[in-house]
Amino acid sequence: MALLGSPVRPASSEFTANLAQHRAFSQQVDSARSSAIAGGSNQARDAHGARNKLLPRQRIDAVLDPATPFLEIGQLAGHGLYEGGVPSAGIITGVGIVEGRPCMVMANDATVKGGTYYPLTIRKQIRAQTIARENALPCLYLVDSGGAFLPLQEDIFPDENHFGKIFRNIAEMSALGIRQVAAVLGSCTAGGAYIPAMCDETVIVEGNGTIYLGGPHLVQAATGEVVDHQSLGGADVHTRMSGVADHYAHDELHALSLVRDIVARPGPARIAKPPLVPVPPKYDPAELQGLIPANPKQPIPAREILARILDGSEIAMYRERYGATLLCGTGAIGGYPVGVLINDGVLMSESAQKAANFIQLCSQSGIPLVFLHNVSGFMVGVSHEQGGIAKDGAKMVNAVSTSRVPKFSVIVGGSYGAGAYAMCGRAFGPRLMAMWPNARTSVMGGEQAATVLALVRQEQLARKGQRFTAEEAEAFKQPVRESYAAQSTALHAASRLWVDAIIDPADTRAWLAMGLSLAAASPPQETRFGVFRM
Ligand code: COA
């Protein structure tokens, strides 16, 4: 094992400029976080409380073991979208501890448009279910929702990954022995009724809980029957007559304690200790904020980052002298062994080959992989193409795609193009993925995209015998730069669920350790690699 890192000079002008820059990014994220946490309007929250209902975060607090962490997934989803009106995409999801067992909790927020499902609400719940399935986590659905957001039906109803997928996931996880439990704390209408109806066990609360395929208005229109909500689908009906729900709760706290009792029964694994003794890094993770250059064109010091993330700041480097633009090595985070890959320059053929080999080695030993992205892409140019960089990059992408050890991704700087894919971007199945507040991701940098598009335009005009003046080219490029700048931020990515969270650099260790602890308790999967192009 080698020791990494060196002390920083906190008083240096560079360090303080970096910190100032970090604070500016973090302030934007914090302000988005506050709106997400607040949920619906004051009026909607007051009306909710007046019905003796707890807010979704209060429900989550009540169901979780006291003073245990909540690993929130997709908190910033929906930020700035749908005309700004859907905080947290109307559903709060995350992993928390119930009766000593990690569980995926999904709580509709009825203060946000009646808890109805927007396209992102569905994606967020499916993402939460995916994490639950990968880590074999019991699922707790705290339901209070008007079902589909009807004006957007074509974006939520018919397709493969639309509303129906949520119900199918419930059935499939149940078949895998992953417990599915619902607490009906408000309305569950139409399609939404299938969440409690599909679960293994369902609790319903007296007075506010209702489950029905069509509400009183629809029933009257369709059949002429006049009926109130509770007589149509309340707790009494479903626990005494229909059997759609199993347990009658007198109020919400009672309902949530019944959910805890169900989770407490013999079954899935409880949180276990890490295999190694966790050791803090030799260098303070809080210094990470001052190590990210304020100027994004300056390199991020990869070894210094690792020295503030890995246990004891220690790593066993793999082929340190070869393919040096990507550092690979094994170490531990919070007592969990990891294979870590961090960029230290542009990806070259050698670095990609080294990564593919390293991923094979970790997969053989069942060591989870952590990818820390800071990559502008793969090297371009005649000699690199002739050297076959495309096939070497493909080896790395192949290894990342097919390795079945748990993978985690954090974008610490930029993450662009095929480099983002090779470093286990979203499409490559990281169990969790996050960005630091300063981080950016897009197909290429804005300047490069503007230049490419301007050159294409210039050729088009030349074919027609027209000129593209320098002023015209500049006017053409500016909006491209601006749109790339706006679309590549961490907030933009998190609001669209391209990543699960924006995390503070100083919290990276704790966040990864939580993910690693979940993965450590889940059943290992066998890796079978595909054909590597040599
Ligand atoms: N689609 C779109 N918007 C909906 C909606 C739906 N399914 N259900 C409710 N909303 C909107 C309301 O228009 C209202 O919007 P506003 O704040 O801009 O006025 C907001 O959500 C809150 O609804 P409201 O009825 O005022 O709140 P509530 O707490 O009294 O009742 C529900 C909430 C969900 C029980 C009730 O609105 C309802 O029964 N909705 C219809 C449910 C339904 O039939 N769904 C079928 C889906 S397949």
Side-chain angles (χ1 to χ4, degrees), residues 35 38-59 78 81-92 106-126 141-159 161-168 170 182-198 204-223 225-235 237-238 244-245 251-252 255:
S35 337
S41 63
N42 290 341
Q43 201 186 3
R45 291 205 300 269
D46 290 347
H48 187 83
R51 292 170 176 166
N52 285 329
K53 284 171 144 194
L54 295 173
L55 291 166
R57 287 179 188 278
Q58 295 172 324
R59 289 171 176 165
L81 296 169
Y82 310 119
E83 290 158 16
V86 193
S88 286
I91 189 165
I92 293 146
M106 293 161 257
N108 301 112
D109 188 347
T111 70
V112 177
K113 283 280 182 192
T116 51
Y117 280 72
Y118 284 68
L120 261 172
T121 321
I122 291 175
R123 278 187 48 216
K124 185 165 165 179
Q125 186 146 13
I126 291 175
Y141 302 86
L142 310 186
V143 192
D144 190 351
S145 159
F149 181 73
L150 294 171
L152 295 181
Q153 73 86 22
E154 73 165 333
D155 301 317
I156 50 178
F157 173 69
D159 209 353
N161 284 319
H162 283 177
F163 217 157
K165 188 65 179 275
I166 295 173
F167 313 135
R168 178 178 165 184
I170 295 177
V184 180
L185 308 170
S187 77
C188 278
T189 309
Y194 283 94
I195 291 183
M198 300 281 307
I204 183 166
V205 73
E206 175 189 314
N208 282 328
T210 52
I211 308 173
Y212 35 62
L213 300 186
H217 296 309
L218 186 65
V219 169
Q220 189 174 8
T223 68
E225 287 174 293
V226 178
V227 65
D228 64 83
H229 293 277
Q230 287 298 313
S231 313
L232 184 62
V237 170
H238 286 311
V244 171
D251 57 32
E252 290 203 11

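Everything quoted here is computed from the prediction, not taken from an experiment. Values reported hereafter were calculated over all heavy atoms of this structure, with side chains retained and with hydrogens, waters and symmetry mates removed. Both counts, for ligands and for their atoms, begin at 1 and track the order of listing.
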Heavy-atom neighbours of Phe167 CZ exceed 12 at 6.0 Å |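 More than 12 heavy atoms, drawn from other residues, nucleotides or ligands, come within 6.0 Å of this atom.
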
Just wondering, are more than 12 heavy atoms of other shown residues or ligands nearer than 6.0 Å to OH in Tyr194?
->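 No, not enclosed.
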
Short side-chain to backbone donor-acceptor contact, Thr121 and Ala89, under 3.5 Å |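 Looks like yes, one N/O pair under 3.5 Å.
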
Every residue of the protein that comes under 4.0 Å of ligand 1, judged on heavy atoms =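 Contacts of ligand 1 under 4.0 Å: Arg51, Lys113, Gly114, Thr116, Gly146, Ala148, Phe149, Leu150, Pro151, Ser187, Thr189, Ala190.
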
Side chain to side chain donor-acceptor pair (under 3.5 Å): which pairs involve residues 46-56, sequence neighbours left out?
->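 Qualifying pairs: Lys53-Asp144.
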
For the residue pair His229 and Ser187, establish whether any side-chain heavy-atom pair is separated by less than 4.5 Å.
->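 Result no, sub-4.5 Å side-chain heavy-atom pair not found.
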
Under 3.5 Å side-chain donor-acceptor pair for Asn108 and Tyr117 =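 Yes, because at least one side-chain N or O of Asn108 sits under 3.5 Å from a partner of the opposite role on Tyr117.
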
